[in-house]
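Take a look at the structure below.
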Amino acid sequence: MTDSKRIVLSSDHAAIELRQVISKHIEAKGYEVADIGPTTPESTHYPLHGQAAAARVASGDCDLGIILCGTGQGIMMSANKVKGIRCGVCSDAFSARMIREHNNANMLSIGARVVGESIALELVDAFLDAEFEGGRHATRVDMIGD
Ligand code: RB5
């Protein structure tokens with residue numbers, strides 16, 4: 001386990017409770033967590049939170065990010081606008097592992113209105129436990145950046 005990794009967490013209002021469950025879960029796994037909110041349930045705008053989390057990863061302040069909104073889609077689209085971010089929205093553990101192994105994703109997006117708590121934690125584990133394989137995949141990932 002890569003216990004030195006620092007993970008940024010953020011969400012919109014639709015996913016505050018699930019984000020807090022995930023935060024406790026990954027802290028218990030030995031990761032350092034930067035939970036940048038929000039903490040109050042008022043309606044808010046997912047692009048603000050997706051881009052704030054993405055900026056932490058893009059700057060190198062955090063190694064990886066996990067972001068959530070109702071579907072996981074809007075916040076994922078917002079994060080992917082930040083240079084250097086590769087964020088995938090997943091609802092199955094296979095995809096959550098493969099976006100690390102093949103796509104070198106540095107952020108995972110989850111839909112709190114799509115998956116329940118148990119599946120969400122499976123996604124988080126699959127994503128965090130996987131490593132980028134490099135090799136032929138590195139060529140393709142570089143092409144995304146280009
Ligand atoms: C908020 O109601 C909802 O639109 C948002 O959480 C997300 O699902 C957008 O992609």
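FYI, the numbering just counts along the sequence from 1. Whatever order the structure lists them in is the order used to number ligands and atoms, beginning at 1. In this text, all values refer to a predicted model and were calculated from it rather than measured experimentally.
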Please test S11 against H49 for side chain to side chain donor-acceptor pair (under 3.5 Å), starting from the C-alpha separation and ending with a verdict. CA-CA 6 Å; S11 72; H49 306 292; over 6 Å; no
I'd like to know whether L64 forms a side-chain contact (heavy atoms from CB on, under 4.5 Å) with R100, so could you lay out the CA-CA distance, the side-chain angles of the two residues, the decisive distance to 0.1 Å, and finally the verdict. CA-CA 10 Å; L64 296 169; R100 287 285 299 133; 3.9 Å; yes
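The distance criterion of under 3.5 Å between nitrogen or oxygen atoms is not met by G72 with respect to ligand 1. Residue contacts with ligand 1: G70 is placed with a nitrogen or oxygen under 3.5 Å of a nitrogen or oxygen of the ligand (distance criterion only). Here's the thing with D12: one of its N/O atoms is less than 3.5 angstrom from an N/O atom of ligand 1. The shortest N or O to N or O distance between T71 and ligand 1 is under 3.5 Å.
Closest heavy-atom contact between A96 and A126: CB-CB, 4.0 Å.
Residue pairs that meet the salt bridge (Lys or Arg N to Asp or Glu O under 4.0 Å) test with at least one member in residues 60-81, sequence neighbours left out, are R6-D61, R56-D61.
Looking from atom 9 (C) of ligand 1 to the surrounding protein, the closest heavy atom is Y46 CE2, 3.5 Å. For atom 10 (O) of ligand 1, the nearest protein heavy atom (residue, atom name, distance) is G74 N, 3.0 Å. Protein heavy atom closest to atom 3 (C) of ligand 1, with residue, atom name and distance, is R113 NH1, 3.9 Å.
At a heavy-atom cutoff of 4.0 Å, ligand 1 is contacted by both the backbone and the side chain of C69.
Between K24 and E117 no salt bridge is recorded (no basic side-chain N to carboxylate O distance below 4.0 Å).
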